[in-house]
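To start, the structure under review is shown below, and the notes come after it.
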Amino acid sequence: MTSATTPTSGQPQPGRPAPEGSGYPPGTPLPEHLGEPIVRVEDLQKFYGTNHVLRGVGLEVREREAVMIVGRSGSGKTTLLRCINFLEEPTAGWVEVDGLRLQADPLKPRNREHLEQIRQIRLRAGMVFQDFNLFPHMTALGNCIEAPTTAAGVPQAAAIERAEYYLEVVGLIDKRDEYPSRLSGGQKQRVAIARALCMEPKVLLFDEPTSALDPELIGEVLRVMEDLAHAGTTMIVVTHEMHFAREAADRVVFMDQGVICEQGPPEQILQAPKEEATKRFLRRFLLE
Amino acid sequence: MSGLGGVGGFGGPGPEHAQAMLMVQHPLVEQVADARRRQRLRFRLTVVFVWLAIIAGVAAAIAAAGAWDWEFAFHYGPLIVLQGAGVTVLLSVTSIVIATVLAVFGALGRLSSNPVLYGIAGFYVSLIRGTPLLVQIFFIYYALPRINEDLFTWPAIAAGIVALSLNYGAYMTEIFRAGIQAVPRGQTEAAQALGIPERKLFRRIVLPQAIRIVTPAIGNDFVAMLKDSALVSTISVHETLWLAQRFGRSEFEPVTAFLIAALVYWALTIVFSYFQERLERRMARSDR
């Protein structure tokens, strides 16, 4: 393949070849809209007792990149995601988000300084959960302004303005004063996305965001996520929605037995996988 | 009646709903409903009758023995009822408020990773739950002033409030601990992922939800406290039982005096149980 044929735009360094560690096959061009690496995971290990869940994972995610992590259940993809913002404490390895680098060290005393470092990582990495976890005693708007006002020091009025903007983005501005108990599953998840966006994080982590939804509600959530991806939101998504991954991903990462088995652009991973494990995994989806 | 009885139908099994559902009216349906209604009414009337019969029987027995004295009732009754109930409610309300605050801190201690706080809270709960309330009342009123006269020389009512607060605080510590633990783990994780600092996380996310969970239990404890507060009559706090005892003894009218006291406690518990039930029902509704 010769150099990229796509027209150049104002994006940084158009058509540059994919560097090592970027997750794209060497020799191919990096997608043009990608910026510099913003999340870096190095040699991440996680044990649950004697169960070795992550066996040295390295992952680099660039600005405006949408990375979808797929794999069988138990392959470590959710654990990897939860280790990035330290909801799980990694056993060993490094995590870097937006220049903030933290070495996993379970023996380190959990003092104020350590907790504050973790908090700083979390301020930069928003998360959307499988089962939404909206605060039930607050309205949709209340959910969205809670963290900006209490964790980021945004003044109330500015937080409300911001919350209204992001509720608009997810299409739920008319539900701003509803409590979560009066929202459908899809609406709850969209509020949860707005809530995460309100912290204006550098990267959004999605942990199987549609797995707890009724089939007819999945579409509305995926549509919002796809819009975000196309608008240049940096995101790492653990998902089982292969169709969505093909449409919205810049890169698909296939995990197997605690390591990244194969990764690359969606056409390559989902349509022409090289590894036997990837083929086996995808075959099951074709049968469905 | 329009063919689409849908929208109103969600309001519950009201008569409209029944009619909307029954496109074809079967004569038996109305008859069955009538019979049920009559059955329910008969049941209720019988219950009321049983209560009245028991009350009449007891009243007749007391009157026949010549044990009830109207003169005493008119002369001392208002005092016992008004002052007695007033002091009883004051004692109980003050103590339940203090006990609730103690219980929140107690529960935080019981859940703390700090061994000192955990130790203090555990000691408190163990000591208080392991000794009789009456012993605690005596110790606080009679013994503590001997240990430090300046610090612990207090009016009987203050000693009573301290004893009741400490006692109920210990029992309610366990209630709050369970309530805090009953708040789903995902709530804490969501708040952590948003970067909300630990202290605010507890105050704004966990505690409000825990309070909702424990409110029925606190209501129960309050009703129990109304009755346990009679124990502080032993250190001559001028509450319901103390007044009844005092005048019942001096006028040789124990039956009338203690009956009035009993009726005061009974009436108070009925009133507060009613409010508690309403509160619970209202909270259950807003939860959905």
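Labels below follow one simple rule: chain letters A, B, ... track the order of the sequence lines, proteins then strands, and each chain is numbered from 1.
Neither the backbone nor the side chain of A/Ala152 comes within less than 4.5 Å of any heavy atom of chain B. The parts of A/Phe135 that come within reach of chain B are both its backbone and its side chain, each placing non-hydrogen atoms under 4.5 angstrom from that chain.
Residue pairs meeting the side-chain hydrogen bond (donor to acceptor under 3.5 Å, both in side chains) criterion with at least one member in residues 122-140 of chain A, sequence neighbours excluded, are A/Gln120-A/Arg124.
Chosen from A/Arg195, A/Glu116, A/Met138, A/Met127, the residue pairing most often with chain B at heavy-atom distances under 4.5 Å is A/Arg195. Among the candidates A/Leu115, A/Ile118, A/Leu134, A/Ile121, the residue making the largest number of heavy-atom pairs closer than 4.5 Å to chain B is A/Leu134. Here A/Leu87 is the residue among A/Asn85, A/Leu87, A/Leu123 with the most heavy-atom pairs under 4.5 Å with chain B.
Residues of residues 190-209 of chain B lying under 4.5 angstrom from chain A, judged on non-hydrogen atoms, are B/Ala190, B/Ala191, B/Gln192, B/Ala193, B/Leu194, B/Gly195, B/Ile196, B/Pro197, B/Glu198, B/Lys200, B/Arg204, B/Ile205, B/Pro208, B/Gln209 by number.
By the 4.5 Å heavy-atom criterion applied to side chains, B/Ile175 and B/Tyr171 are not counted as neighbours. Looking only at side-chain heavy atoms (C-beta outward), A/Phe206 and A/Ile69 stay at 4.5 Å or farther from each other.
Between the side chain of B/Tyr168 and the main chain of B/Phe222, no donor-acceptor pair closer than 3.5 Å is present. The closest donor-acceptor contact from the side chain of B/Ser126 to the backbone of B/Gly122 lies at 3.5 Å or more, if one exists at all. The backbone N or O of A/Leu141 sits nowhere less than 3.5 Å from a side-chain atom of A/Arg176 that would complete a donor-acceptor pair.
Counting only N and O atoms by type, the side chains of A/Glu113 and A/Gln117 include no donor and acceptor under 3.5 Å apart. For the 3.5 Å distance criterion, the side chains of B/Gln136 and B/Thr131 qualify, holding a donor opposite an acceptor.
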